[in-house]
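Okay, so here's the structure we're looking at.
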2 protein chains.
Amino acid sequence: MAEEISGRGDPLKSLHLLWGRASAGKRGPKSKVQLADLVQAAIAIADAEGIDAVSTRRVAEAVGISAMSFYTHIPDKSALIDLMIDAIAGGPEGAALPRFDPANWRDNITMVATAYRQFYLDHPWALQVGTHRPVLGPNTLRAYEAILSVVDGLGLDEVEMDMTVTLITNYVFGAVRDVARAASVKQQTGMSDDEWWYAIAPFLETIDWAPYPVASRVGPVVGELYGLGDPDRAFTFGLERMLDGIEAMIARKAALRA
Amino acid sequence: MAEEISGRGDPLKSLHLLWGRASAGKRGPKSKVQLADLVQAAIAIADAEGIDAVSTRRVAEAVGISAMSFYTHIPDKSALIDLMIDAIAGGPEGAALPRFDPANWRDNITMVATAYRQFYLDHPWALQVGTHRPVLGPNTLRAYEAILSVVDGLGLDEVEMDMTVTLITNYVFGAVRDVARAASVKQQTGMSDDEWWYAIAPFLETIDWAPYPVASRVGPVVGELYGLGDPDRAFTFGLERMLDGIEAMIARKAALRA
DNA sequence: AATTACCCTTTACACCGTACAATGTTATGC
DNA sequence: GCATAACATTGTACGGTGTAAAGGGTAATT
C-alpha cells in the first residue's frame, strides 16, 4: 500500500470506531490496550518520522502488542488513518467554537484559514493522506462547522457558502503543501533546501535559458530575496487577494438586494 | 517507500537524465530498451492503475527486461518519478508557447489555470507526488515559463509576479485534488461516491447534529443540488473570485502609478 | 588477443499489509 | 459448577516492495 487513502475499507467500520460505537467486547479477556492508545502511538510516529514510518507492525510494537493483535482493534490500516486524521482534527483540546461576528468577516476567515494552515504544519503527514471522501468523525465535522460559520451571515446562499469554503480550503491546502513538504522531504533525504540548491547549481549554469526568458528574469530576483521563497509572505499575499475577491462578491450581492 | 517524493535521490543524476545528458554508453552491448521506453511504460501503468501500481519490477517487466536491469537505466525509483513528472509536463507534444496579450489577462490566466487543472485530471497520480523541490526538467520549466508569462506586463514587480503565480497554482492544486482523487479512490476501492454515501447514510441518521447547526443547514442543500458537489462549477467559482482579487491589486498599483 | 566498460541477470535481504489457524481468557446459559 | 460462545492474542505464511551484491555475457578499445 503505497499511498494512504482514507475511507478505503468498509466505511461503516471506520465510522463506528470514529464515533466510539465499537462493540466494546464483553465476553473475552480485557484488551491490553485501548483504541486511543494505538491512534496516539501512530500519530506520534507520524509526527516524528512521517507517515511512511507508520506501519501496523510498528504501531503494534509501540503499544506492546504483537503485530496481528493490531487487527483486533482496527480492521485495517485505512481505518487507522481515518482515526488519526479525526484525532488531530480535534486540535489541542475540545475548545468551544468562538462566536464569529459577520462584521469582522475578513478577520474571521483569516483566523480560520491560518488555523487550518497551522493544522497541516503541525501534522504535515496529513497532507499526504487522500481525503476525497471526508472522514466524517466528530472532530472533522466540528472543523467543517467552524469554517462554514465564518461565511455565514454574509448574504450568501447555501451553495455560495459551500463554494466559498471550498475556495478557502483549497487555497490553504495548496499553499501549505510546499512549506510542509519541505520538512518531510528534508526528513527523508537528509538534505536541506540550501544544500539541494548548492548541489545542483553547477548543472543549472550549463542549461540554455533562452527558451525561458520570463523565468530567467523573475527567478533570480525572487531567489535572491527569499531563497526558495517566503512561504509566510506568499500565504498572506494570496489570502489577501482571495479576500478581495470574496469582498467583491459580497458587495455585488448586497447591491443586488438594495 | 510509501510515498513517492520527487527529488529524493542524488539530484544531479536525475538532472542529467532529465536533460538527456546520460553518458549513453559506448563500450558495452547495446541497450535493449531506451530510457524513454521505461518512462512511458511507467506513465501508462500510472494512468491506468494509479501510482501505487508503478513498481520497478512491473516497469521492467513491461518493457521486457529483468527487475534489476531497471537500475542500469535509472538510479532509483525517485528518479523514475522525476522523469515521469517532466514527461507529462510536456503535454501532448512540444507546441510553442502562445503569445499572451496582457490586455486579455483574465482570459490568459483562465486558460493557463484550466490547462494546469487538465494536466492533473489527465494524470491524477501526479497529485500524489511530492514536488516541493521542483523537477527542473525542460518540460516543467516550460510550464513555469508559461504561467509566469500570463502575469507579465500587468504592472507587477518580480516578487508579486511570483506570488501571483503561486496563488494560482496553489488554488488549482487544491481545487483539482478532490475531483482527481475521486477517480483514484474509486479505482482503489471499487466504490463510487454514490455507493459510498448510500452505505453510510443509515449511520449518519443516528448522529446528533445539534453541535453542527450551520453544517446541517448547508450540507443538505448542497448535497441535494450537486451530490458531492459540482467540481467544475466550484472551480470556476473560485477562479472568478481569485481573478477579482488579482484585478483589485492591479487596479491599486495602476492608481499608484498615475 | 587482452582489456575494459557496459548491459543484463539471479539471488538475497529487510520490510510491508494481512489471511489463516491455533491458543489462551473471560462472561454467559444451563 | 461447567460447558460454551465470544473475544484477545499470537506465530506462521504469502505475495508484494526497493534495491544491494555478485556474476555472466557482449562489444568497443588498446
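The chains referred to below are lettered A, B, ... by the order of the sequence lines, with proteins before strands, and numbering in each begins at 1.
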Q.
Here's a test of your reading of the structure: between B:Tyr71 and A:His73, which maps to the more 5' nucleotide of DNA chain D?
A.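 Looking at the nearest nucleotide for each, A:His73 comes out on the 5' side.
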
Q: Residues of residues 60-69 of chain A with any non-hydrogen atom less than 4.0 angstrom from an atom of DNA chain D: list those, numerically ordered, please.
A: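 Nucleic-acid contacts, sorted: A:Ile65, A:Ser66, A:Met68, A:Ser69.
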
Q | Closest approach of B:Ala175 to B:Phe235 (non-hydrogen atoms, all atoms of both residues) | A |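 Looking at all heavy atoms of both residues, the closest pair is CB-CD1, 3.8 Å.
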
Q | A:His73 to A:Leu35 - nearest heavy-atom pair and separation | A |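 Heavy atoms only, the tightest pair is O-CD1, 4.0 Å.
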
(Q) Within a 6.0 Å radius of atom CD on B:Gln118, are there more than 12 heavy atoms belonging to other residues, nucleotides or ligands? (A)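 Buried by this count: over 12 neighbours within 6.0 Å.
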
**Q.** Neighbour count >12 (heavy atoms, 6.0 Å) for atom CD, B:Gln34
**A.**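 Incorrect, the count does not exceed 12.
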
Q: Classify the side chain of B:Arg58 versus the base of D:dT17 as yes if they form a donor-acceptor pair under 3.5 Å and no if they do not.
A: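 Answer no: no donor N or O sits under 3.5 Å from an acceptor.
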
Q.
Quick check: any donor-acceptor pair below 3.5 Å linking the side-chain of B:Arg57 to the base of D:dG16?
A.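 Per atom types, no contact qualifies.
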
Round to the nearest Å and state the distance from [X] atom [atom1] to [N] atom [atom2].
| X | N | atom1 | atom2 | answer |
| --- | --- | --- | --- | --- |
| A:Ile81 | C:dC16 | CD1 | P | 14 Å |
| B:Phe70 | D:dG18 | CZ | C1' | 10 Å |
| A:Leu80 | C:dC16 | CG | P | 13 Å |
| B:Ile74 | D:dG18 | CD1 | P | 12 Å |
| B:Ile51 | D:dT17 | CD1 | C1' | 14 Å |
| A:Glu49 | C:dC15 | CD | C1' | 14 Å |

Q: Select one nucleotide: of C:dC7, C:dG17, D:dT17, the one nearest the side-chain heavy atoms of B:Thr72.
A: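 For B:Thr72, the side-chain atoms sit closest to C:dC7.
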
Q | B:Asp86 side, atom CG; B:Asp82 side, atom CG - distance, nearest 0.5 Å | A |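 Between B:Asp86 CG and B:Asp82 CG, I get 8.5 Å after rounding to 0.5 Å.
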
Q.
Please report the interatomic distance OG(B:Ser216) to CD1(B:Ile207), rounded to the nearest 0.5 Å.
A.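 B:Ser216 OG to B:Ile207 CD1: 11.5 Å, rounded to 0.5 Å.
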
Q: Using a strict cut-off of less than 4.0 Å between a Lys/Arg side-chain nitrogen and an Asp/Glu carboxylate oxygen, indicate whether A:Asp232 and A:Arg117 qualify as a salt bridge.
A: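 A salt bridge links A:Asp232 with A:Arg117.
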
Q. Which part of the nucleic acid, if any, lies within reach of A:Ser55 when heavy atoms closer than 4.0 Å are counted: base, sugar-phosphate only, or nothing?
A.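 It contacts sugar-phosphate atoms only.
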
Q: Would you please classify the geometry between the B:Tyr212 ring and the B:Trp209 ring as parallel, tilted or perpendicular, with 30° and 60° separating the classes?
A: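 Perpendicular, since the angle between the ring planes exceeds 60°.
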
Q. How are the rings of A:Phe173 and B:Phe173 set to each other: parallel, tilted or perpendicular (split at 30° and 60°)?
A.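 Judged by the thresholds at 30° and 60°, the geometry between A:Phe173 and B:Phe173 is parallel.
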
Q) Of all of residues 32-39 of chain A, which get a heavy atom below 4.0 angstrom from DNA chain C, listed by number? A)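 Hits under 4.0 Å, by residue number: none.
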
